[in-house]
Amino acid sequence: QVELVESGGGSVQAGGSLRLSCSVSGYAYCVAWFRQAPGNEREHVASFHMRDEKTYYGDFMKGRFTISADSAKRTIYLQGADLQPGDSATYYCGATAAVSSCRIWYGIQFWGKGVPVTISS
């Protein structure tokens with residue numbers, strides 16, 4: 001069982017930055033950040049593999065989002081820069097315990113409750 005708790009959501013103006021945190025309890029093979037705006041499918045932002053620390057980014061995400069972990073790999077961060085109104089969504093932390101991809105939302109086994117992010121123009 002993996003428990004995930006997100007924090008750091010809020011409102012920022014366009015062009016600003018935000019850092020989200022995901023606290024991880026239990027064993028996880030990989031941890032990912034997804035986002036979902038109303039009416040849209042849940043979208044992969046970035047993922048972090050715990051064993052080899054490899055990172056993966058969704059389409060059009062690399063360069064504006066950075067995923068990282070603390071030294072104990074108990075907190076996974078998502079740093080967003082130059083955020084635009086199109087980045088407004090609920091951001092979710094997800095994880096798998098099995099050896100599988102964290103880049104597809106329906107492959108995620110455990111989810112946090114999500115945090116809202118609003119970017120105003």
I need the minimum non-hydrogen distance between [X] and [Y], along with the two atoms involved.
X      : Y      : value
Ile76  : Ala69  : CD1-CB, 3.6 Å
Ile104 : Ser101 : N-OG, 4.1 Å
Asp87  : Leu83  : OD2-CA, 3.5 Å
Met50  : Lys73  : O-NZ, 2.6 Å

Residues 85-121 vs disulfide bond (SG atoms under 2.5 Å apart), sequence neighbours excluded, gives Cys22-Cys93, Cys30-Cys102
Spatial distance of atom [atom1] ([X]) from atom [atom2] ([Y]) [nearest 0.5 Å]:
X     : Y      : atom1 : atom2 : answer
Phe65 : Tyr57  : CZ    : OH    : 10.5 Å
Leu4  : Ile108 : CG    : CD1   : 9.0 Å
Ile67 : Lys54  : CD1   : NZ    : 15.0 Å

Enumerate donor-acceptor pairs with a distance under 3.5 Å from any side-chain N or O in residues 11-21 to protein atoms, sequence neighbours excluded.
none

Verdict with supporting geometry, Thr66 and Leu78, side chain to side chain contact (heavy atoms under 4.5 Å, CB included): CA-CA 6 Å; Thr66 303; Leu78 182 71; over 6 Å; no
Is atom NZ of Lys62 surrounded by more than 12 heavy atoms (other residues, nucleotides or ligands) closer than 6.0 Å? no
Can you name the side-chain hydrogen bond (donor to acceptor under 3.5 Å, both in side chains) partners of Asp82, sequence neighbours left out? Gln84
Ring pair (Phe, Tyr, Trp, His ring centres under 6.0 Å) partners of residues 93-121, not counting sequence neighbours, each pair once: Phe34-Trp111
Sorted by chain and residue number, the ring pair (Phe, Tyr, Trp, His ring centres under 6.0 Å) partners of Tyr29 (sequence neighbours excluded) come out as His49
Could you go step by step and tell me if His44 and Met61 meet the side chain to side chain contact (heavy atoms under 4.5 Å, CB included) rule? CA-CA 9 Å; His44 175 246; Met61 303 297 180; over 6 Å; no
Scan the side chains in residues 112-121 for donor-acceptor partners under 3.5 Å anywhere in the protein, sequence neighbours excluded, and list what turns up.
none

Membership question, hydrophobic clusters at under 4.5 Å side-chain separation (ILVMFWY): are Val45 and Tyr92 in the same one? no
What verdict does the side chain to side chain contact (heavy atoms under 4.5 Å, CB included) test give for Val24 and Thr75, after you've listed the backbone C-alpha separation in whole Å, the side-chain angles of each residue and the deciding distance to 0.1 Å? CA-CA 6 Å; Val24 181; Thr75 302; over 6 Å; no
Just checking, is any N or O donor in the side chain of Tyr91 or Arg35 under 3.5 Å from an acceptor N or O on the other one? yes
